[in-house]
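Down below is the structure, laid out as structure tokens.
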Amino acid sequence: MDYIRITKENIDREHICCAMSGKQSLAKKEWLKRRFDDGLVFYRSVERGKCFIEYIPAERAWVPIDALGWLYIDCLWVSGAMKGHGYANNLLDECIRDATAQGKHGLCILCAEGRKREFLADPKFLGHKGFRVGDVSDCGINLLYLPLSPAAPPKFKDCAKHPGISEPGFVLYYTDQCPFTYYWVPRVQETAEEHGIPFRAVHITTMEEAQNLPAPVSTYALFRDGQFLTHAIQSDKKFLKLAER
């Protein structure tokens with residue numbers, strides 16, 4: 001398998017394999033364009049399909065962690081027909097090579113405790129690759145790290161380690177980092193309004209906001225009556241099921 005690096009120079013003509021079509025893809029591309037100067041790297045397979053890695057210096061990542069000198073993996077995604085061919089190993093190896101070349105302490109990434117959950121990395125795969133648990137949050141999301149040199153492990157900020165807000169009803173924090181939020185957030189808003197469900201969406205548009213979010217995941221963090229509910233992007237139907245519980 002050959003891979004291509006997405007840059008400011010080629011992003012307008014290249015496919016972003018995590019993206020949906022049309023406006024969703026454009027929203028993700030615009031988000032990426034503004035991150036390249038922060039050191040963001042996006043590698044994908046030459047073949048079309050969900051096979052890519054996206055990472056950035058951790059101090060510039062849109063997550064509330066303390067990880068100066070580390071690389072943070074936003075997303076490592078290999079799915080569908082791409083699975084089972086060693087492509088995830090290839091992408092991760094490239095990230096490790098880059099981290100070593102930059103003199104980084106190592107890599108870090110989010111995953112769910114114990115098992116694979118949607119929109120998060122697979123802890124079993126990461127454990128096999130040598131990742132360790134650096135920190136845990138109250139909501140069952142862990143910060144894993146792969147050390148490449150002696151250094152203190154990366155940690156969650158307190159706001160991420162103990163997620164919670166004081167506002168009643170449903171409150172959603174989200175970014176344009178994932179193209180699925182562009183598509184689904186407005187539809188969930190419409191559904192909540194139609195059914196009289198208290199719902200407020202907060203669009204996170206700066207790194208500073210994301211790094212101080214009251215949850216370990218900034219791409220999509222849904223609260224209900226002050227409690228963190230889920231990081232998983234909800235369709236309108238899934239949201240209604242949550243609201244009915």
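Please read these numbers as outputs of a predicted model, since none were measured by experiment.
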Are R97 and E94 close enough, and set up right, to give a salt bridge (Lys or Arg N to Asp or Glu O under 4.0 Å), and what steps lead you there?
-> CA-CA 5 Å; R97 183 206 61 77; E94 173 57 29; 2.6 Å; yes
Distance-only donor-acceptor check, side chains T191 and E194, under 3.5 Å = no
Write down the atom of A243, the atom of F170, and the distance for their closest heavy-atom approach.
-> CA-CZ, 3.8 Å
Would you say the side chain of K157 lies within less than 4.5 Å of the side chain of D66, judging by non-hydrogen atoms?
-> yes
With S166 via side chain to side chain donor-acceptor pair (under 3.5 Å) - residues at least two apart = none
Any ion pair linking K28 and E54 (charged N to carboxylate O, less than 4.0 Å)?
-> yes
Heavy-atom side-chain contact between I11 and I16 under 4.5 Å | yes
Exam field: side chain Q211 to backbone E59, donor-acceptor pair closer than 3.5 Å = yes
Do other residues, nucleotides or ligands put more than 12 heavy atoms under 6.0 Å from Q227 CD?
-> no
Looking at residues at least two apart in the chain, or sitting in another chain, which of them share a ring-ring contact (aromatic ring centres under 6.0 Å, His included) with Y55?
-> none
Go through the structure and list residues passing ring-ring contact (aromatic ring centres under 6.0 Å, His included) with Y87, not counting sequence neighbours.
-> H85
Distance col, row C75:SG vs L110:CG, nearest 0.5 angstrom, shows 11.0 Å
Do the side chains of F156 and L68 join up, straight or via other hydrophobic residues, at under 4.5 Å, putting them in one cluster?
-> no
Please step through side chain to side chain contact (heavy atoms under 4.5 Å, CB included) for the pair L71 and V41, ending with a clear verdict.
-> CA-CA 10 Å; L71 283 185; V41 173; over 6 Å; no
Could you tell me how the ring of W31 sits relative to the ring of W62: parallel (under 30°), tilted (30 to 60°) or perpendicular (over 60°)?
-> perpendicular
Taking atom CZ of R132 as the centre, report whether more than 12 heavy atoms of other residues, nucleotides or ligands fall under 6.0 Å from it.
-> no
With a 3.5 Å cut-off and no angle check, do the side chains of Y182 and D176 form a donor-acceptor pair?
-> no
So, D38 and R35, do they make that salt bridge, N to O below 4.0 Å?
-> yes
Between the main-chain N or O of I141 and the side-chain N or O of S137, is there a donor-acceptor pair closer than 3.5 Å?
-> yes
E190 with R187: basic N within carboxylate O range, under 4.0 Å = no
Is the shortest heavy-atom distance from the side chain of I65 to the side chain of L143 under 4.5 Å?
-> yes
Nearest heavy-atom pair of C95 and L107: which atoms, and what distance?
-> SG-CD2, 3.7 Å
How many angstroms lie between CE in M207 and CD1 in I56, if you round to the nearest 0.5 Å?
-> 8.5 Å
Between CD of Q234 and CG of L172, what distance do you get to the nearest 0.5 Å?
-> 9.5 Å
What one should report as the nearest heavy-atom pair of A210 and P64 is O-CD, 3.6 Å
So which of L222, I165, T219, V217 actually passes side-chain contact (heavy atoms from CB on, under 4.5 Å) with Y173?
-> I165
Ionic contact status for K104 with D98, cut-off 4.0 Å = no
Measure the NZ-CD1 distance between K238 and I233 for me, rounded to the nearest 0.5 Å.
-> 10.0 Å
Determine whether C178 and F119 make a side-chain contact, defined as any pair of heavy atoms from C-beta on separated by less than 4.5 Å.
-> yes
R34 side, atom CZ; T205 side, atom OG1 - distance, nearest 0.5 Å | 8.5 Å
If you look at every heavy atom in V63 and P216, which pair is closest and at what distance?
-> CG1-O, 4.0 Å
Salt-bridge criterion met for K29 and D12 (N-O under 4.0 Å) | no
Could you tell me whether the side chain of H231 reaches within less than 4.5 Å of the side chain of Y220, counting heavy atoms only?
-> no
Kindly write out the residues that satisfy side chain to side chain donor-acceptor pair (under 3.5 Å) with K8, not counting sequence neighbours, or none if the list is empty.
-> D37
Nearest heavy atoms of R44 and V46, plus distance in Å = NH1-O, 3.5 Å
Any side-chain heavy atom of D135 within less than 4.5 Å of one from N142?
-> no
Does D138 have any side chain to side chain donor-acceptor pair (under 3.5 Å) partners at least two apart in sequence or in another chain, and if so, which?
-> H162
Measure the spacing between CD1 of I204 and OG1 of T181 and express it to the nearest 0.5 Å.
-> 11.5 Å
For E167, does the CD atom sit with more than 12 other heavy atoms under 6.0 Å from it, leaving out its own atoms?
-> yes
Is it true that the side chains of E47 and S45 contain a donor and an acceptor less than 3.5 Å apart?
-> no
Under 4.5 Å between any side-chain heavy atoms of T7 and F42, yes or no?
-> no
Using a 4.5 Å cut-off on heavy atoms from C-beta on, say whether the side chain of F125 contacts that of L76.
-> yes
ILVMFWY cluster membership beyond Y145 - transitive side-chain contacts under 4.5 angstrom = W70
So which heavy atom on P150 is nearest to which on H105, and how close?
-> O-ND1, 4.4 Å
Which of these passes side-chain contact (heavy atoms from CB on, under 4.5 Å) with I6: Y43, F36, F52?
-> F36
